[in-house]
Trainee: 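Before anything else, here's the structure in question.
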Number of protein chains: 2
Amino acid sequence: MGAKEAPQYRKLYELLRGLIEDLSYQYGDLLPSENELCATHQLTRPTVRKALDMLVNEGFIIRQQGKGSIVLGLPKGIGILSLTGTTSAIGQDLLTTKIIVKPHIMSWEHAFGYELSERDRSLGCIHMERLRLINEKPVFYDITMIPNLNLPRFTSRTFENRSLFDILRKHYQIEVKGGEQKIQAITADDRIVKHFGVKKNHPILRVDRKLDTSKAGFSFFSQIYCNTENYSLIGSF
Amino acid sequence: MGAKEAPQYRKLYELLRGLIEDLSYQYGDLLPSENELCATHQLTRPTVRKALDMLVNEGFIIRQQGKGSIVLGLPKGIGILSLTGTTSAIGQDLLTTKIIVKPHIMSWEHAFGYELSERDRSLGCIHMERLRLINEKPVFYDITMIPNLNLPRFTSRTFENRSLFDILRKHYQIEVKGGEQKIQAITADDRIVKHFGVKKNHPILRVDRKLDTSKAGFSFFSQIYCNTENYSLIGSF
DNA sequence: TATTTGCACTTGTATATACAAGTTATTAAG
DNA sequence: CTTAATAACTTGTATATACAAGTGCAAATA
């Protein structure tokens with residue numbers, strides 16, 4: 001059962017996508033016209049168009065009748081909001097992290113409204129709480145709960161100024177692939193008042209997330225409180 | 001500049017999509033074969049396949065060689081206005097829309113912090129405000145601003161119980177491809193208090209969005225206020 | 001009976017062609 | 001110089017056709 005050769009339209013798609021990804025084509029550039037691509041690659045227009053259609057669907061280009069195929073560049077990450085995007089937009093030098101509760105193993109308190117598998121529940125979870133400050137002012141408070149399976153030395157690793165995502169990827173070869181989230185506006189309770197130094201009933205953004213990973217059946221959870229008075233969450237989709 | 005008739009593949013796409021959305025076809029069902037669709041609608045296979053390709057890209061169906069086009073059902077929203085629990089199960093019958101300010105042409109007040117092109121600014125915008133209710137209780141208040149270019153009869157179309165996205169797609173062949181958004185928690189101001197019937201200083205979710213479309217250079221803007229007391233915004237990523 | 005073969009169906013890939021329609025730059029007319 | 005027509009591009013839509021390849025079932029075979 002050898003690997004079957006990829007169809008022509010797919011090969012052209014991969015080629016063009018590669019040229020966009022390595023910045024040979026950049027935002028605003030025009031790809032060669034369909035007829036040029038036909039001539040260059042010895043294909044007919046329907047085949048070339050199929051490759052271009054794929055690039056359109058994935059957000060690499062748009063096409064304009066009479067003009068050409070306009071390169072958009074690398075598609076933006078999906079998701080209602082991405083915290084990593086937020087941090088990079090702010091600049092990591094200004095963002096500091098303070099551990100409120102060090103990673104430790106405990107039973108699941110509540111997985112923020114998401115259902116747990118029986119295995120995850122029986123094994124307990126790694127729990128940690130962190131406060132993130134921008135210019136020394138607290139902006140994020142997050143609680144993370146990770147199923148306690150097979151993550152050696154995890155609780156002793158330091159999370160100051162390091163992304164949990166990075167640690168999972170580098171030390172455990174686990175990539176966050178996607179997930180779902182719930183977003184609400186709430187008023188600050190006692191704990192938030194204490195950590196954020198805001199008045200009671202100050203409006204706070206609350207995000208409950210379930211994060212799915214490349215490791216089959218391995219998801220973890222986080223609950224994020226955000227003071228959006230001076231900063232708002234930004235995301236592309 | 002009359003409304004141009006939609007192409008054949010789009011009409012077939014809309015038809016099939018509608019049949020899936022109203023549950024005439026459900027999860028696991030097979031659509032009629034391509035040749036059947038050709039015969040029924042007097043089209044050739046490439047045209048029929050284009051319609052089916054669109055359904056695949058949007059997650060309504062998958063196709064299996066040798067077998068047929070398998071219906072998956074309603075795809076998950078891209079976090080537009082998905083609500084807790086049941087995105088689709090809420091059922092559109094419970095969601096009603098009340099027009100507060102009918103679509104009309106005016107100058108741009110403020111594009112919610114996003115930059116406008118010179119062309120968009122000079123042409124003015126179509127402005128509308130809507131209140132959305134779930135079980136007769138107001139949950140969303142949204143303001144929409146659309147560049148005033150080339151949308152014949154737009155201001156006279158009714159938006160009650162119809163998605164703006166659907167109208168753009170069906171009547172103008174414009175698909176929303178993505179965008180960016182800012183999310184904040186704020187306290188209810190006078191206008192929100194009036195529309196939502198909540199107390200002053202009630203926490204409210206505010207989302208400012210810029211929505212990019214398949215039409216080159218055409219983006220529009222919306223500002224959404226959401227009472228997340230009983231429903232929260234959900235999204236997958 | 002159990003297995004294989006073959007047929008009739010399905011979707012997948014690809015070519016060749018034609019005309020419609022939007023964009024841009026050039027050219028001609030005023 | 002300014003404006004309008006034109007020509008030469010571009011992508012959009014649609015047809016007609018051919019063969020490859022996967023699926024499922026029925027008939028032939030062992």
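Throughout, a chain's letter reflects where its sequence line sits, starting with A, and its residues are numbered from 1.
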Trainee: Please classify the nucleic acid contact of P46(B) as base, sugar-phosphate, or nothing, using heavy-atom distances under 4.0 Å.
Mentor: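 Here P46(B) touches the bases of the nucleic acid.
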
Trainee: Between E58(B) and R17(B), does any NZ, NE, NH1 or NH2 come within less than 4.0 Å of an OD or OE carboxylate oxygen?
Mentor: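 Salt bridge: yes.
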
Trainee: With a 4.0 Å cut-off on N to O distance, would you call K98(B) and E136(B) a salt bridge?
Mentor: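 Looking at E136(B) together with K98(B), the answer is no, because their closest N to O distance does not fall below 4.0 Å.
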
Trainee: What integer distance in Å separates K11(A):NZ from dG12(C):P?
Mentor: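 My rounded result for the distance is 19 Å.
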
Trainee: Is the ring pair Y141(B)/Y225(B) parallel, tilted or perpendicular, if the boundaries are 30 and 60 degrees?
Mentor: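 Tilted: the ring planes of Y141(B) and Y225(B) meet at 30° to 60°.
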
Trainee: Round to a whole Å and report the spacing from CG of L31(A) to C1' of dT11(D).
Mentor: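 About 13 Å, once rounded to whole Å.
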
Trainee: Which whole-number value in Å describes the distance from Q65(A) CD to dC9(D) P?
Mentor: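 Atom CD in Q65(A) sits about 17 Å away from atom P in dC9(D).
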
Trainee: Can you work out whether K50(B) or G66(B) has the more 5'-proximal nearest nucleotide on DNA chain D?
Mentor: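 This one resolves to K50(B).
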
Trainee: Verify side chain to side chain contact (heavy atoms under 4.5 Å, CB included) between Q64(A) and I70(A), making sure each step is shown before the conclusion.
Mentor: CA-CA 7 Å; Q64(A) 192 174 344; I70(A) 305 167; 3.6 Å; yes

Trainee: Kindly point out which of dT11(C), dA16(D), dG12(D) is positioned nearest to the side chain of E34(A)?
Mentor: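 Taking heavy atoms from C-beta onward, the closest nucleotide is dG12(D).
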
Trainee: Using the ring of each side chain (for Trp, its six-membered ring), is F154(B) parallel, tilted or perpendicular to Y172(B), with breaks at 30° and 60°?
Mentor: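 F154(B) vs Y172(B) ring planes: tilted.
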
Trainee: Side chain of R49(B) only, please: which of dG12(C), dT15(D), dA21(C) is the nearest?
Mentor: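 That would be dG12(C).
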
Trainee: Given atom CD1 of I70(A) and atom P of dG22(C), what is their separation to the nearest angstrom?
Mentor: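 Computing the I70(A):CD1 to dG22(C):P distance gives 16 Å.
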
Trainee: Return no unless some side-chain N or O of Q8(A) is found under 4.0 Å from OP1 or OP2 of dT13(C).
Mentor: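 Looking at the OP1 and OP2 atoms of dT13(C), neither is under 4.0 Å from any side-chain N or O of Q8(A).
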
Trainee: Please check the phosphate of dC9(D) (OP1 and OP2 only) for any side-chain N or O of S33(A) closer than 4.0 Å.
Mentor: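 Checking dC9(D) against S33(A), no side-chain N or O comes under 4.0 Å of OP1 or OP2.
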
Trainee: Does a side-chain N or O of R45(B) approach OP1 or OP2 of dT15(D) to a distance below 4.0 Å, or not?
Mentor: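 No, R45(B) has no side-chain N/O under 4.0 Å of OP1/OP2 on dT15(D).
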
Trainee: What is the distance, rounded to the nearest whole Å, between atom CG of N35(A) and atom P of dA18(C)?
Mentor: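 Distance check: N35(A) CG to dA18(C) P gives 14 Å.
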
Trainee: Please check the phosphate of dT23(C) (OP1 and OP2 only) for any side-chain N or O of Q64(A) closer than 4.0 Å.
Mentor: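 Answer yes for this pair, as a side-chain N or O of Q64(A) is under 4.0 Å from OP1 or OP2.
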
Trainee: D53(B) or L43(A): which one's nearest nucleotide on DNA chain C is closer to the 5' end?
Mentor: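 That would be D53(B).
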
Trainee: Indicate whether OP1 or OP2 belonging to dT13(C) is found under 4.0 Å from a side-chain N or O atom of Y9(A).
Mentor: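 So the side chain of Y9(A) is within the cut-off, an N or O lying under 4.0 Å from OP1 or OP2 of dT13(C).
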
Trainee: Between Q42(A) and E36(B), which is nearer to the 5' end of DNA chain C once each is assigned its nearest nucleotide?
Mentor: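 The answer here is E36(B).
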
Trainee: Respond yes when some side-chain nitrogen or oxygen of T47(A) is under 4.0 Å from OP1 or OP2 of dT15(C), and no when none is.
Mentor: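 For dT15(C), OP1 or OP2 has a side-chain N or O of T47(A) closer than 4.0 Å.
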
Trainee: For the pair made of CG in L12(B) and C1' in dT13(D), what is the distance, rounded to whole Å?
Mentor: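 Whole-Å distance recorded here is 14 Å.
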
Trainee: Rounded to whole Å, how long is the line connecting atom NZ of K67(B) with atom P of dG24(D)?
Mentor: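 Those two atoms, NZ and P, are 5 Å apart.
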
Trainee: To the closest 0.5 Å, what do you measure between CG (L211(B)) and CZ (F221(B))?
Mentor: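 These two atoms lie 9.0 Å from each other.
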
Trainee: Between atom CG in L30(B) and atom C1' in dT10(C), what is the gap in whole Å?
Mentor: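 Roughly 10 Å, once rounded to whole Å.
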
Trainee: Could a donor-acceptor pair under 3.5 angstrom be found where the side chain of R63(A) meets the base of dG22(C)?
Mentor: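 Looking at the base of dG22(C), it does not pair with any donor or acceptor on the side chain of R63(A) (distance under 3.5 Å).
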
